[in-house]
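Notes for the one structure printed next.
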Amino acid sequence: MAADVLLVFGRGVRWTGAGWALTPAGAARLHAAARYVRAHAPHRPRVVFTGGWPEASTGAAPPPAGAREGDLMLRAARAAGLAAHADLYAETRSRSTLENLLHTVEDQLLDGYAFGAAHPLGLVTHDWHLPRVRYLAGKVLGLHGAALLDVPATGGEQHDDRGALLATRLGFLGARRGDVLRKRERLMVGLLRRAATG
């Protein structure tokens, strides 16, 4: 059983003085996707690198077109020769994990695929992030359990995401429509920002 599609979740970009670059955690997720693809050759999956500029939630200006998370991961994957083993795409508008999923759907990057236990959707991120990604994939895509395949990344950073998962579960309780999920997420981000500054 190999995933027909891998969604690779970004972890931010940073200015290095010489240009925009992936964070070490973002690079680790790219490497996890590449390892998975090479380990399952000759199966040729679609790999969707997701991420725009999560720093927008802090008020930071977006990096220029071509320097967003999805762009940087796609460029690095091509440079590493991954296009010989997978069909590569990028979603570059999102500012959050929720938007990674919503924009991937809106951009029709999952069209034509039916996910289930025999053909799961691969989720490439760190193990601490996977519970929240799985929860949101259930909300946005209606996929649960064996229809989702964890492809954990290692390295870059460790993080405790339990608080974000709890806030997500409470904030999105009963919501399924993308527009409602977006409104609730923006409300939660605004409340958290005010609490941090107040």
Which atoms form the tightest heavy-atom contact between [X] and [Y], and what is the distance?
X: L30; Y: V8; answer: N-CG1, 4.3 Å
X: G66; Y: D71; answer: N-OD2, 3.0 Å
X: E69; Y: R11; answer: OE2-N, 2.7 Å
X: A3; Y: P45; answer: O-CB, 3.6 Å
X: T16; Y: A21; answer: CG2-CB, 3.6 Å
X: A153; Y: A28; answer: CB-O, 3.7 Å

How long is the span from the [atom1] atom in [X] to the [atom2] atom in [Y], to the nearest 0.5 Å?
X: R186; Y: L181; atom1: CZ; atom2: CG; result: 11.5 Å
X: L101; Y: L109; atom1: CG; atom2: CG; result: 11.5 Å
X: R14; Y: L72; atom1: CZ; atom2: CG; result: 10.5 Å
X: R93; Y: T104; atom1: CZ; atom2: OG1; result: 9.0 Å
X: H40; Y: L6; atom1: NE2; atom2: CG; result: 9.0 Å

Is there side-chain contact between [X] and [Y], with at least one heavy-atom pair below 4.5 Å?
X: R132; Y: R169; value: no
X: L110; Y: L7; value: yes
X: T125; Y: P152; value: no
X: L121; Y: L141; value: yes
X: T168; Y: L136; value: yes

Report yes or no: do [X] and [Y] belong to one cluster of Ile/Leu/Val/Met/Phe/Trp/Tyr joined by side chain heavy-atom distances under 4.5 Å?
X: L143; Y: V105; answer: yes
X: L148; Y: Y113; answer: yes
X: L170; Y: V133; answer: no

> With distance as the sole test, does R184 use its side chain to make a donor-acceptor pair with the main-chain N or O of L173 at under 3.5 Å?
Replying inline: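 Yes.
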> Would you say E91's side chain and G51's backbone share a donor-acceptor pair under 3.5 angstrom?
Replying inline: yes
>> Between F115 and V5, does the side-chain contact (heavy atoms from CB on, under 4.5 Å) criterion hold? Intermediate values first, please.
In response: CA-CA 9 Å; F115 301 106; V5 178; 3.9 Å; yes
> Within 45° of the ring axis of F9 and under 6.0 Å from its six-membered ring centre, is that where the NZ or CZ of R29 lies?
Replying inline: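 Relative to the ring axis of F9, which defines the angle, R29 lies outside at least one limit.
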> With sequence neighbours excluded, what pairs up with Y135 under the side chain to side chain donor-acceptor pair (under 3.5 Å) test?
Replying inline: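 Scan of Y135 (side chain to side chain donor-acceptor pair (under 3.5 Å), adjacent residues dropped) gives none.
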>> Suppose we screen for side chain to side chain donor-acceptor pair (under 3.5 Å). Which residues come up paired with T50, at least two apart in sequence or across chains?
In response: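 So T50 forms no side chain to side chain donor-acceptor pair (under 3.5 Å) with any residue.
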> Should we count NE2 of H85 as having more than 12 external heavy atoms under 6.0 Å?
Replying inline: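 Enclosed: over 12 neighbouring heavy atoms sit under 6.0 Å from NE2 of H85.
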> Do N100 and S94 meet the criterion of a side-chain donor-acceptor pair at a distance under 3.5 Å?
Replying inline: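 Side chains of N100 and S94: pair found under 3.5 Å.
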>> For T97 and H129, which I'm curious about, is there any donor-acceptor pair between the side chains at under 3.5 Å?
In response: yes
>> Pair W20, W15 - check side-chain contact (heavy atoms from CB on, under 4.5 Å), show working.
In response: CA-CA 5 Å; W20 292 95; W15 178 255; 3.6 Å; yes
>> As a quick check of understanding, evaluate side-chain contact (heavy atoms from CB on, under 4.5 Å) for L123 and L149, giving each step before the final call.
In response: CA-CA 6 Å; L123 306 174; L149 176 70; over 6 Å; no
>> Which residues pass the salt bridge (Lys or Arg N to Asp or Glu O under 4.0 Å) test with D179, not counting sequence neighbours?
In response: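 R177.
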>> Looking at D4 and R46, is there a salt bridge between them, counting it only when a charged N and a carboxylate O are closer than 4.0 Å?
In response: no
>> Taking the basic N atoms (NZ, or NE/NH1/NH2) and the acidic carboxylate oxygens, is any pair closer than 4.0 Å for R95 and E185?
In response: no
> How far apart are the C-alpha atoms of Y89 and D107, what are their side-chain angles, what is the distance that settles it, and do they pass the side-chain contact (heavy atoms from CB on, under 4.5 Å) test?
Replying inline: CA-CA 10 Å; Y89 295 85; D107 293 349; over 6 Å; no
